[in-house]
Amino acid sequence: MTNETDQPADDIAAPTIDALIAERRKKRAALADAGIDPYPSRFDRTALAGELHQRHEGLEADIRTGEQVRLAGRVTAVRRHGKLSFATLADTSGSMQLLLQVAAMSDQAAAVLDSLDLGDWVGAEGEVITSRRGELSVDTTELWLLSKALRPLPDKWHGLTETDTRYRQREVDLLANPDSRKVFEIRFAAIAAMRRHMEAEHFVEVETPILQPQAGGAIARPFFTHANALDIDLSLRIAPELYLKRLVVGGFERVFEIARNFRNEGVSTRHSPEFTALEAYRAFGDVDDGMDLTEALVMAAAQASTGRTTFAAGESEIDLAGPWPRLQLLDMLEEKLGRRVHPTDPRNDLVAVCEAHGVTPLPTWGPGKLVFELYDQVLLPGLVDPVFVIGFPVEVSPLARHTADDPTMADRFELCIVGREFANGYSELNIPEEQAERFEVSSAAKAGGDAEAHPADQAFVRSLEYGLPPTAGIGIGIDRLIMLLAEVEAIRDVILFPMLRPEAAG
RNA sequence: GCGCCUCUAGCUCAAUGGCAGAGCAACGGACUCUUAAUCCGCAGGUUCUGGGUUCGAAUCCCAGGGGGCGCACCA
């Protein structure tokens, strides 16, 4: 990889990028010729930039601490002043200025400095000092090249703005745009906090199949693939729900999965074909326990990742501080619509209400679906502050337990913030015959051409026949939660490598 | 899928029918306290691709490609 058979520069066909890369190869070769390994196998670091800043906060200008450190990171800026230079070294914790006086450095370090380019990984050794201007620095005596950046970095001031490139070459986005890095730090911290919370609540983290004979647990168009060994077609999971409940049947009373789900549907600012959901199931709980858990998880995520409870979302300022109101859907609809609706109302009446509020009903929609669409299209967009909406029609909740005194409504909640659904949960339906019957109805509808119907899953019904205890289940849309916490508008900004068309060849 | 917008140097952007330019990065030089360092010099182009209109196209038209936004479906 490092053999340096450098052609003369004028040999290189026009495009500038090739010339820039050739220039950097040449520098790498010069170091190698001087006996310096441009790709050392390891480096012993003794300090992090962020930790040094913390430890030496408030130090006066022009101080020598006597502390010797070895730092490693990427060079993000160099300011050369003849025999004195300054460089900025960025590591995982932050950045640190290197003060580089040729007179104080070894010959090898001077050679490395001489060939240094923005983007190079280096290791530096020296004394922690403050510069005359008071900036904490490392008065460098030794400097090692750890890996050469052959390609030039984006503009140091403007960074990388082209969205296409930011998504396709996320690594460049991350190293050039601190804001982008920050978004993902929030993501990682939030997910880690939710894991910790689940562990503290004695949930076990499990993994269920992504490749499934039949995608269930939600209503969505799946991706398909094929297993050669078994010669069968498989779907990619659209939700882990059915498998997780089977684990509760099996005696794992508290399970959760941070599940990548795949839905072969539209791509938009708020929809990605692959997205992450946290699903959790807790035996002996009901929908109220599900809301408690959801609220605790979201708060834990917000606290750990940002330390705040208020977030800007579009034009609104959202305060996540709980407890969040828990309101009945049918009551909220009554207030919004000026009349009470219910899945037992005559279908024509519900159709009329829909049309009066700009909702265009489809012929396949039953009364429950009509009520749900009133929620989704009329009520939900206006729900800005966090609110648990409780009680959804059974017709659109095929896996939820029906309400004790109303067989057409289910003990189900949705968490709504800034007009979007963030979480969903319910008391799980655990009566096998009722589940089988619901599947029968929906799979008949599916066979009749209704794409929005849950397929029957006999293995799941059979598992219910072994006994699913009363169980609370929740699902939280992680990507959307991160969008809220990181205050970004596009789901692609919170997914490291979002799905894109392949780059055109050549 | 439909509509609108967008694509120019490695990066960020100008040039709106008349010589394709600037800043940063690079390259050569000066510089021992800078921090978007400064100064002098030099170089860098398939203007996304293909076709068309025109004396002349980055610019106007057509087709294609990538991306973004909006709508629809969905979470």
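Just so you know, these numbers come straight off a predicted model, no measurement behind them. Note on naming: letters A, B, ... go to the chains in the order of the sequence lines (proteins, then strands), and numbering restarts at 1 for each one.
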**Q** For a quick check, tell me whether the side chain of A/Asp155 and the base of B/G23 share a donor-acceptor pair closer than 3.5 Å.
**A**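 Indeed, a donor on one side and an acceptor on the other fall under 3.5 Å apart.
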
**Q** Under a 3.5 Å cut-off for both contacts, is B/G70 paired Watson-Crick or G-U wobble with anything, and if yes, with which nucleotide?
**A**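 Pair assignment: B/G70 / B/C2.
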
**Q** Rounding to an integer number of angstrom, what distance separates B/G52 and B/A36 when you compare their C1' atoms?
**A**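 Those two atoms are separated by 45 Å.
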
**Q** What's the CG-C1' distance between A/Leu278 and B/A75, to the nearest Å?
**A**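 Those two atoms, CG and C1', are 15 Å apart.
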
**Q** So, A/Asp120 and A/Arg74, do they make that salt bridge, N to O below 4.0 Å?
**A**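 Salt bridge: no.
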
**Q** Between A/Glu23 and A/Lys27 (salt bridge meaning N to carboxylate O under 4.0 Å), is one present in this structure?
**A**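 Salt bridge flag = no for A/Lys27 with A/Glu23.
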
**Q** Round to the nearest Å and state the distance from A/Tyr375 atom OH to B/A75 atom C1'.
**A**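 Taking atom C1' of B/A75 as the reference, OH of A/Tyr375 is at 11 Å.
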
**Q** For A/Ala472 and A/Gly290, work out which heavy atoms get closest and say how close.
**A**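 Between these two residues, the closest heavy atoms are CB-N, 4.1 Å.
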
**Q** Please determine if a side-chain N or O atom of A/Thr16 lies less than 4.0 Å away from the OP1 or OP2 oxygen of B/G10.
**A**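 So the side-chain polar atoms of A/Thr16 do come within 4.0 Å of the phosphate oxygens OP1 or OP2 of B/G10, strictly under.
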
**Q** Closer to the 5' end of RNA chain B via nearest nucleotide, is it A/Leu153 or A/Glu265?
**A**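 Closer to the 5' end of RNA chain B: A/Leu153.
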
**Q** Can you check the distance between B/C24 and B/A43, where both ends of the measurement are the C1' atom (answer in whole Å)?
**A**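 It works out to 15 Å between them.
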
**Q** Going by heavy atoms closer than 4.0 Å, what residues in residues 156-165 of chain A are next to RNA chain B?
**A**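 Those residues whose heavy atoms fall under 4.0 Å from RNA chain B, taken from residues 156-165 of chain A in numerical order, are A/Lys156, A/Trp157, A/His158, A/Gly159, A/Leu160, A/Thr161, A/Glu162, A/Thr163, A/Asp164.
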
**Q** Under 4.0 angstrom, heavy atoms only, what part of the nucleic acid is A/Glu135 near: base, sugar-phosphate, or nothing?
**A**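 If one applies the 4.0 Å heavy-atom cut-off, A/Glu135 turns out to touch a base.
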
**Q** Do NZ/NE/NH1/NH2 and the carboxylate oxygens of A/Glu162 and A/Arg166 come within less than 4.0 Å?
**A**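 Between A/Arg166 and A/Glu162 there is no salt bridge, as every charged N stays at least 4.0 Å from the carboxylate O atoms.
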
**Q** Does the A/Ser305 side chain pair with the main chain of A/Ala190, one donor and one acceptor, at a distance under 3.5 Å?
**A**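 Judged by distance alone, no pair lies under 3.5 Å.
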
**Q** Tell which nucleotide pairs with B/C24, taking only Watson-Crick or G-U wobble pairs whose two distances are both under 3.5 angstrom.
**A**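 Pairing partner: B/G10.
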
**Q** Quick one, A/Leu113 and A/Met105 - any side-chain contact, counting heavy atoms below 4.5 Å?
**A**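 In short, these two side chains touch, coming nearer than 4.5 Å.
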
**Q** A/Gln169 and A/Arg151: side-chain donor and acceptor closer than 3.5 Å?
**A**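 Per modelled atom types, A/Gln169 and A/Arg151 side chains form no pair under 3.5 Å.
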
**Q** Quick one: look up who B/G64 pairs with, Watson-Crick or G-U, both distances under 3.5 Å, and put none if it's unpaired.
**A**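 Its partner is B/C48.
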
**Q** B/G67, OP1 or OP2 - any side-chain N/O from A/Arg168 closer than 4.0 Å?
**A**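 For A/Arg168, the contact criterion (side-chain N or O under 4.0 Å from OP1 or OP2 of B/G67) is met.
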
**Q** Establish, with yes or no, whether the OP1 or OP2 oxygen of B/A75 is under 4.0 angstrom from a side-chain nitrogen or oxygen of A/Ser272.
**A**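 The answer is no; no side-chain N or O of A/Ser272 sits under 4.0 Å from OP1 or OP2.
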
**Q** Please determine, for B/A57, whether a Watson-Crick or G-U wobble partner exists with both distances under 3.5 Å, and give it or none.
**A**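 Here B/A57 is not engaged in any pair, so there is no nucleotide opposite it.
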
**Q** Mind listing the closest non-hydrogen atom pair of A/Ser106 and A/Glu142 along with its distance?
**A**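 Answer, listing the atom of A/Ser106 first, then A/Glu142: OG-OE1, 2.9 Å.
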
**Q** Could you check which residues of residues 414-426 of chain A get a heavy atom under 4.0 Å from RNA chain B? Sort them by number, please.
**A**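 Going residue by residue through residues 414-426 of chain A, the ones with a heavy atom under 4.0 Å of RNA chain B turn out to be A/Glu421.
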
**Q** NA contact type, A/Arg221, heavy-atom cut-off 4.0 Å: base, sugar-phosphate, or nothing?
**A**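 It contacts nothing in the nucleic acid.
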
**Q** Pick base, sugar-phosphate or nothing for A/Gly477, based on heavy-atom distances below 4.0 Å to the nucleic acid.
**A**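 Since no nucleic acid heavy atom lies under 4.0 Å of A/Gly477, the category is nothing.
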
**Q** Find the partner of B/U32: check Watson-Crick (N1-N3 plus N6-O4 or O6-N4) and G-U wobble (N1-O2, O6-N3) distances, both under 3.5 Å, and reply none if neither fits.
**A**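 For B/U32, the partner nucleotide comes out as none, under the 3.5 Å rule.
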
**Q** Is A/Arg260 salt-bridged to A/Glu274, going by a charged N under 4.0 Å from an acidic O?
**A**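 Yes.
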
**Q** Does A/Ala103 reach a base, just sugar-phosphate, or nothing at all? Heavy atoms under 4.0 Å.
**A**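 Base contact - A/Ala103 has a heavy atom under 4.0 Å of at least one base atom.
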
**Q** With the side chain counted from C-beta on, respond yes when A/Leu485 and A/Leu320 share a heavy-atom pair under 4.5 Å apart, and no when they do not.
**A**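 With C-beta onward as the side chain, the pair touches.
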
**Q** Can A/Phe275 be called stacked on B/A75 when the rule is centres closer than 5.5 Å and an angle between planes below 30°?
**A**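 By the stated criterion, A/Phe275 and B/A75 stack.
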
**Q** Could you tell me how far apart A/Glu241 (CD) and B/A75 (P) are, to the nearest whole angstrom?
**A**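 After rounding, the reported distance stands at 13 Å.
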
**Q** Tell me whether the OP1 or OP2 atom of B/G66 has a side-chain N or O from A/Arg501 closer than 4.0 Å.
**A**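 A/Arg501 to B/G66 OP1/OP2: side-chain N or O found under 4.0 Å.
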
**Q** Could you check A/Pro152 against A/Arg79 and say which one's nearest nucleotide on RNA chain B is further toward the 5' end?
**A**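 Residue closer to the 5' terminus by nearest nucleotide: A/Pro152.
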
**Q** Got A/Leu244 and A/Val206 here, is their nearest side-chain heavy-atom distance under 4.5 Å?
**A**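 In contact.
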
**Q** Measure CD1/A/Ile238 against P/B/C73 and give the value in whole Å, please.
**A**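 Answer to the nearest Å: 18 Å.
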
**Q** Has A/Lys83 got a side-chain N or O lying under 4.0 Å from the OP1 or OP2 atom of B/A30?
**A**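 The answer is no; no side-chain N or O of A/Lys83 sits under 4.0 Å from OP1 or OP2.
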
